[in-house]
Amino acid sequence: MPYTSSTLAPLRHETYRRIWFASLASNFGGLIQAVGAAWMMTTITASDNMVALVQTSTALPIMLFSLASGALADSFDRRRVMLIAQYFMFAVSAVLSISAYFGWLSPWLLLFFTFLIGCGTALNNPSWQASVGDMVPRVDLPGAVTLNSVGFNITRSVGPAIGGAIVAAAGAAAAFAVNTLSYFALIYALRRWKPTPPASTLPRETLGSAVFAGLRYVSMSPNLQKVLLRGLVFGISASSILALLPIVAINLVVGGPLTYGLMLGSFGIGAIGGAILNDRLRERFSSEAIVRISFTGFALSAVIAASSPIAALTCTGLVIAGACWVLALSLFNTIVQLSTPRWVVGRALSLYQTVTFGGIAGGSWLWGAAADRYGVANALLISAFVMLFGIVIGLRFAMPAFASLNLDPLNRFIEPALGLDITPRSGPIVVQIDYEIADADIADFLALMGERRRIRIRDGARNWALMRDLEKPGRWTETYHAPTWVEYIRHNQRRTQADAENIEQLRALHRGEELPQVHRLIERQAIPPNDDVFYKAPIDLHH
């Protein structure tokens with residue numbers, strides 16, 4: 001294993017430690033709020049589907065808005081973005097508490113408030129997760145990702161039980177009020193953090209361009225695509241347990257809000273156990289093996305929940321599910337972070353969240369509808385079969401190994417001196433690079449150029465092509481476009497240390513006396529738009 005740092009090592013860094021502990025308080029309040037919302041829904045509607053939609057309303061905004069939030073995380077001050085998100089969730093939670101206290105909530109109004117809180121979470125999460133790499137060194141990043149899961153699940157292990165007790169004793173409005181107060185610790189910690197923004201001489205990308213760049217990067221990154229696929233299937237299948245748990249507590253084990261809280265607490269305890277075992281499992285098993293273990297454990301837990309009338313046995317199954325939840329999601333998150341350079345990490349994480357939480361949102365609705373039609377036990381059993389399908393697709397789309405690539409900026413590019421006076425918005429820019437390649441090296445050259453094409457397009461190049469000179473067959477020309485001069489500069493600044501290997505191998509195959517020659521050109525129309533040829537009267541051929 002290339003990463004040997006312990007899980008607790010990130011706590012040595014003061015900023016990370018302060019925000020991590022503040023997040024505990026915020027997560028604690030969020031889980032109490034979730035218990036209150038789920039249980040209140042069972043008291044104001046008899047529809048199983050409406051109960052399951054509580055989880056959908058929280059996860060759906062993450063699916064809808066995370067990509068834009070990821071672009072904001074990569075383009076703006078992440079600390080400021082997180083503060084705005086925290087203030088927004090505080091305001092929504094305060095209004096929710098007041099509405100619940102005065103009895104104004106209907107099922108759809110409750111879903112609306114939980115949707116707004118989910119919007120705040122969607123805005124906050126990409127900036128928070130992308131900021132972890134700014135707070136700790138790369139060697140501590142896997143431990144930090146795991147610690148984030150540990151922190152959330154420490155609160156999950158006790159928060160829901162306490163939330164159930166609060167709901168049973170004082171009602172859902174009290175649970176919502178506790179959540180409202182929980183934001184203060186994280187707001188204070190974020191206001192104390194004074195990060196140093198990265199130096200950049202380039203103008204900020206527009207939101208649309210930033211979103212498109214994130215989509216393009218992931219579309220040209222096979223390892224990230226595998227993570228997204230497995231995360232989607234995991235989200236769809238594993239959402240059944242948490243979405244239907246209030247109904248399990250009421251109908252299958254005949255309990256109340258305290259029973260529901262204890263069940264969520266069991267899930268949290270299992271998650272802490274999974275986090276503790278995380279390092280050892282990563283040392284002994286491959287990423288694919290860990291994902292298969294997670295799918296299998298969740299399927300077993302779903303079968304237990306569907307067939308057990310005993311709360312203690314159901315809780316035992318939920319311990320297994322909690323451990324598998326952390327093992328899978330922390331692994332997905334870590335691979336995304338280690339496979340992505342800093343300039344686009346927020347967008348990559350947001351796409352991962354969009355897909356995974358989209359699966360959770362859609363799966364919650366799916367299993368709620370299935371419970372309404374076939375019963376909660378049968379819905380859980382069906383979801384267990386879908387979890388096993390998540391193992392089968394691993395035969396074709398196996399998870400990548402823990403990446404150890406150096407994705408720090410290469411920093412070799414020097415902006416060339418130009419003979420024309422252009423502006424940053426001038427363009428389109430056409431780049432041509434000439435190589436002299438021996439016949440014996442053509443196969444290797446084409447293989448390297450296949451990788452080169454992926455890297456170029458991933459980093460923003462357009463219309464990439466490779467051409468061979470008909471008169472001088474040994475000469476090959478790589479060509480690509482950039483829409484403006486500033487985008488050409490941005491493209492070159494996105495090269496990473498890991499890309500250097502491809503560059504060096506291509507240069508080694510080049511047979512010219514000098515380095516491959518680079519031509520930078522700007523496109524111009526050959527015929528001016530107002531040329532007379534377009535405006536002359538047509539010739540009358542009959543005269």
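If you're wondering where the values come from, they're calculated on a predicted model, not measured in any experiment.
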Engineer: Under the criterion side chain to side chain contact (heavy atoms under 4.5 Å, CB included), I'd like the reasoning laid out for R80 against L190: C-alpha separation, chi angles, the key distance, then a yes or no.
Structural biologist: CA-CA 8 Å; R80 183 171 298 178; L190 288 172; over 6 Å; no
Engineer: Minimum heavy-atom separation for A175 to G36, with atom names?
Structural biologist: CB-CA, 4.3 Å
Engineer: Between T340 (side chain only) and V345 (backbone N and O only), is there a donor and an acceptor less than 3.5 Å apart?
Structural biologist: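 The answer is no, because no donor-acceptor pair under 3.5 Å joins these two groups.
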Engineer: Listed by chain and number, what are the ring-ring contact (aromatic ring centres under 6.0 Å, His included) partners of Y352, not counting sequence neighbours?
Structural biologist: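 Testing Y352 for ring-ring contact (aromatic ring centres under 6.0 Å, His included), a comparison that skips the adjacent residues, returns none.
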Engineer: Regarding Y183 and S93, is there a side-chain donor-to-acceptor distance under 3.5 Å anywhere?
Structural biologist: yes
Engineer: If the condition is ring-ring contact (aromatic ring centres under 6.0 Å, His included), which residues does F212 pass it with, not counting sequence neighbours?
Structural biologist: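 Applying ring-ring contact (aromatic ring centres under 6.0 Å, His included) to F212 gives none.
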Engineer: Can you name the ring-ring contact (aromatic ring centres under 6.0 Å, His included) partners of F445, sequence neighbours left out?
Structural biologist: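 Here the qualifying residues are Y435, W476.
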Engineer: Apply the test side chain to side chain contact (heavy atoms under 4.5 Å, CB included) to residues V218 and R347: give CA-CA distance (whole Å), side-chain angles for both, the deciding distance (0.1 Å), then the verdict.
Structural biologist: CA-CA 9 Å; V218 172; R347 282 161 281 186; over 6 Å; no
Engineer: Is it the case that the side chain of N179 and the backbone of G30 share a donor-acceptor pair, with hydrogens and angles ignored and the cut-off at 3.5 Å?
Structural biologist: yes
Engineer: Residues in side-chain hydrogen bond (donor to acceptor under 3.5 Å, both in side chains) with D441, at least two apart?
Structural biologist: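 With sequence neighbours excluded, D441 shows a side-chain hydrogen bond (donor to acceptor under 3.5 Å, both in side chains) to R511, given in chain and number order.
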Engineer: Please report the interatomic distance CG(L123) to OG(S350), rounded to the nearest 0.5 Å.
Structural biologist: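 The OG atom of S350 is 11.5 Å from CG of L123, to the nearest 0.5 Å.
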Engineer: Please determine whether side chain to side chain contact (heavy atoms under 4.5 Å, CB included) holds for the pair I310 and V253, giving the CA-CA distance in whole Å, both sets of side-chain angles, and the decisive distance to 0.1 Å.
Structural biologist: CA-CA 6 Å; I310 303 171; V253 301; over 6 Å; no
Engineer: Decide yes or no on side chain to side chain contact (heavy atoms under 4.5 Å, CB included) for S287 and I335, but give the supporting numbers first.
Structural biologist: CA-CA 9 Å; S287 298; I335 290 177; 4.0 Å; yes
Engineer: State the CD1-CG distance between I360 and L242, to the nearest 0.5 angstrom.
Structural biologist: 8.0 Å
Engineer: Check side-chain hydrogen bond (donor to acceptor under 3.5 Å, both in side chains) between T496 and all other residues, then give those that pass, not counting sequence neighbours.
Structural biologist: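 By the side-chain hydrogen bond (donor to acceptor under 3.5 Å, both in side chains) rule, T496 matches D499.
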Engineer: Can you give me the closest heavy-atom contact between G214 and V344, atom names plus distance?
Structural biologist: CA-CG2, 4.0 Å
Engineer: To the nearest 0.5 angstrom, please state how far the CD atom of Q353 sits from the CG atom of N333.
Structural biologist: 7.5 Å
Engineer: Are Y260 and V167 close enough that some pair of their side-chain heavy atoms sits under 4.5 Å apart?
Structural biologist: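 A side-chain contact is absent here, since even the closest heavy-atom pair is not under 4.5 Å.
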Engineer: Are M449 and L506 close enough that some pair of their side-chain heavy atoms sits under 4.5 Å apart?
Structural biologist: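 Yes - at least one pair of side-chain heavy atoms lies under 4.5 Å apart.
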Engineer: Mind checking the CD1-SG spacing from I269 to C315? Nearest 0.5 Å is all I need.
Structural biologist: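 Taking CD1 in I269 and SG in C315, the distance rounds to 8.5 Å.
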Engineer: For residues 235-263, which residue pairs pass the salt bridge (charged side-chain N to carboxylate O under 4.0 Å, His left out) check, not counting sequence neighbours?
Structural biologist: none
Engineer: Test: side-chain hydrogen bond (donor to acceptor under 3.5 Å, both in side chains). Region: residues 375-390. Which pairs qualify, not counting sequence neighbours?
Structural biologist: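 Sorted result for residues 375-390: S240-S383.
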Engineer: Which atoms form the tightest heavy-atom contact between R230 and G394, and what is the distance?
Structural biologist: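 Answer, listing the atom of R230 first, then G394: NH1-CA, 3.3 Å.
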Engineer: Please check: side-chain N/O of R78 versus main-chain N/O of S127, any donor-acceptor pairing under 3.5 Å?
Structural biologist: no
Engineer: Roughly how far, to the nearest 0.5 Å, is the CZ atom of F295 from the CZ atom of F389?
Structural biologist: 9.5 Å
Engineer: Mind listing the closest non-hydrogen atom pair of A68 and V211 along with its distance?
Structural biologist: CA-CG2, 4.3 Å
Engineer: Tell me every residue that passes side-chain hydrogen bond (donor to acceptor under 3.5 Å, both in side chains) with E451, counting only those two or more places apart in sequence or in another chain.
Structural biologist: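 R454.
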Engineer: Quick one: closest heavy-atom pair of H491 and A461, and the distance?
Structural biologist: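 Here H491 and A461 meet closest at ND1-N, 3.7 Å.
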Engineer: Which atom names give the shortest non-hydrogen contact between T114 and V54, and what distance separates them?
Structural biologist: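 The answer is OG1-O, 4.5 Å.
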Engineer: Determine whether a donor-acceptor pair (N or O, by modelled atom type, separation under 3.5 Å) exists between the side chain of W367 and the backbone of I236.
Structural biologist: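 Pair found, side chain donor or acceptor close to backbone of I236.
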Engineer: Which residue pairs satisfy the salt bridge (charged side-chain N to carboxylate O under 4.0 Å, His left out) criterion with at least one member in residues 215-226, sequence neighbours excluded?
Structural biologist: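 The answer is none; no pair qualifies.
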Engineer: For the side chain of R79 and the backbone of W193, is there at least one donor-acceptor N/O pair under 3.5 Å apart?
Structural biologist: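 A pair under 3.5 Å: yes.
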Engineer: As an exercise, state the distance from OG1 of T121 to CD of Q86, rounded to the nearest 0.5 Å.
Structural biologist: 8.5 Å
Engineer: For F332, check ring-ring contact (aromatic ring centres under 6.0 Å, His included) against everything at least two apart and list the hits.
Structural biologist: none
Engineer: Does any pair with a residue in residues 304-324 pass side-chain hydrogen bond (donor to acceptor under 3.5 Å, both in side chains), and if so which ones, sequence neighbours excluded?
Structural biologist: S308-T314
Engineer: Using the test side-chain hydrogen bond (donor to acceptor under 3.5 Å, both in side chains), find all partners of R292 that sit at least two apart in sequence or belong to another chain.
Structural biologist: E288
Engineer: If we only count heavy atoms from C-beta on, is the F234 to S239 side-chain gap below 4.5 Å?
Structural biologist: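 Counting from C-beta outward, F234 and S239 never come under 4.5 Å.
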